[in-house]
Amino acid sequence: MEPTNPQPVPAAVPPPRPGWWSRNWKWFVPMGCLTFIGIFVAVILLLFVVIFGAMRSSDVYKEAVSRARANPEVTEAMGAPLKEGFFVSGTTNVSGGTGDANLEISISGPKGSGKIYAVAEKAAGQWTYSRLEVVTNGSNQRINLRADTPESE
C-alpha cells in the first residue's frame, strides 16, 4: 500500500471580532446618560450657589443679620449664637448709587427660630429701610431692628 499524503484540514476561521460599539454599548449608554444628568445637576447647583452667594454678600443682608445679632430682644427670644439659614428669598437690584432690596432671611438660635424681613431703598449710595424686623416662629413676636424709629412703632 502506498502511503497516502494526507491533505491538511483547513483550520476553522474564527469569526471576526465584534466592533467597539457592539462590545461596549451596555455600559456606555447608561454612563453617558448619567454623565449628562450629573452635568445638569452640577450646573443647577452652581447656579444656586452663585445666586444665594450674591444675595448673602449684599449690603442689606449683612446689615440685617448684623443688627439682629446685636439686638438684645432677638438674643433673648432666640438665644445666642444666632445662625442664618442657607436659603434667602427675595430680590436685590442695585445700579450704582441707587437700588432696592426686599429680603426674607431665615435665622435660628438655641431657643427658637424666625425670619428677618428687610425692605430697603438705596439713594445716593445710602440704604434707607422701610421695614427691618425679626418675626419669631411660634409666638409671632415682632422685633424692630430699624435704628431710626422708636421701638413702640
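In what follows, residues are counted from 1 in the order of the sequence shown.
Between the side chain of Arg146 and the backbone N or O of Glu133, no donor-acceptor pair lies under 3.5 Å. Without hydrogens or angle criteria, Thr75 side chain to Asn71 main chain gives a donor-acceptor distance under 3.5 Å.
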- In sequence, state the C-alpha distance, the side-chain angles, and the governing distance for Val74 and Ile116, and then conclude on side chain to side chain contact (heavy atoms under 4.5 Å, CB included). CA-CA 10 Å; Val74 174; Ile116 302 172; over 6 Å; no
- With side chain to side chain contact (heavy atoms under 4.5 Å, CB included) as the test, would you mind laying out the steps for Thr92 and Leu103 before giving the verdict? CA-CA 8 Å; Thr92 57; Leu103 298 177; 3.8 Å; yes
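Contacts of Ser139 classified as side chain to side chain contact (heavy atoms under 4.5 Å, CB included), with partners at least two apart in sequence or in another chain: Thr136, Gln141. Remark: Lys115 pairs with Glu104 by the salt bridge (Lys or Arg N to Asp or Glu O under 4.0 Å) rule, at least two apart or across chains. Among residues two or more places apart in sequence or in another chain, the ring-ring contact (aromatic ring centres under 6.0 Å, His included) test is passed with Phe28 by Trp20, Trp21. Residues satisfying the salt bridge (Lys or Arg N to Asp or Glu O under 4.0 Å) test with Glu121, not counting sequence neighbours, are none.
Within the hydrophobic cluster formed by Ile, Leu, Val, Met, Phe, Trp and Tyr side chains joined at under 4.5 Å, directly or through other members, Val119 stands alone, with no partner residue.
Gly109 and Leu82 make their closest contact through N-CD1, 4.3 Å (heavy atoms, listed as atom of the first residue, atom of the second, distance). Of all heavy-atom pairs spanning Pro110 and Pro81, the tightest one is CD-O, 3.7 Å. In this structure, Trp25 and Pro30 approach most closely via the heavy-atom pair O-CD, 4.1 Å. The two residues Ala64 and Ile105 make their nearest non-hydrogen contact at CB-CD1, 4.1 Å. Residue Ala68 comes nearest to Val134 through the heavy atom pair CB-CG2, 4.2 Å, listed as atom of the first residue, atom of the second, then distance.
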Which atom pairs, donor and acceptor, lie under 3.5 Å between side-chain atoms of residues 44-62 and protein residues at least two apart or in another chain?
residue: Arg56; atom: NH1; partner: Gly85; partner atom: O; Å: 3.2
residue: Arg56; atom: NH1; partner: Phe86; partner atom: O; Å: 3.3
residue: Arg56; atom: NH2; partner: Glu84; partner atom: OE1; Å: 3.4
residue: Ser57; atom: OG; partner: Gly53; partner atom: O; Å: 3.2
residue: Ser57; atom: OG; partner: Ala54; partner atom: O; Å: 3.0
residue: Ser58; atom: OG; partner: Met55; partner atom: O; Å: 2.8
residue: Ser58; atom: OG; partner: Tyr61; partner atom: N; Å: 3.3
residue: Tyr61; atom: OH; partner: Glu84; partner atom: OE1; Å: 3.1

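Rounding to the nearest 0.5 Å places CD1 of Ile107 at 9.0 Å from CG of Asn137. Atom CD of residue Glu73 and atom CE of residue Met78 lie 11.5 Å apart, to the nearest 0.5 angstrom.
Residues Trp127 and Val65 fall within the same hydrophobic cluster, defined by Ile, Leu, Val, Met, Phe, Trp and Tyr side chains chained together at heavy-atom separations under 4.5 Å. Hydrophobic clustering (side-chain heavy atoms under 4.5 Å, transitive across Ile, Leu, Val, Met, Phe, Trp, Tyr) groups Val29 together with Trp27. Phe87 and Val135 fall into different hydrophobic clusters, where Ile, Leu, Val, Met, Phe, Trp and Tyr residues are linked whenever their side-chain heavy atoms come under 4.5 Å apart, directly or through other members.
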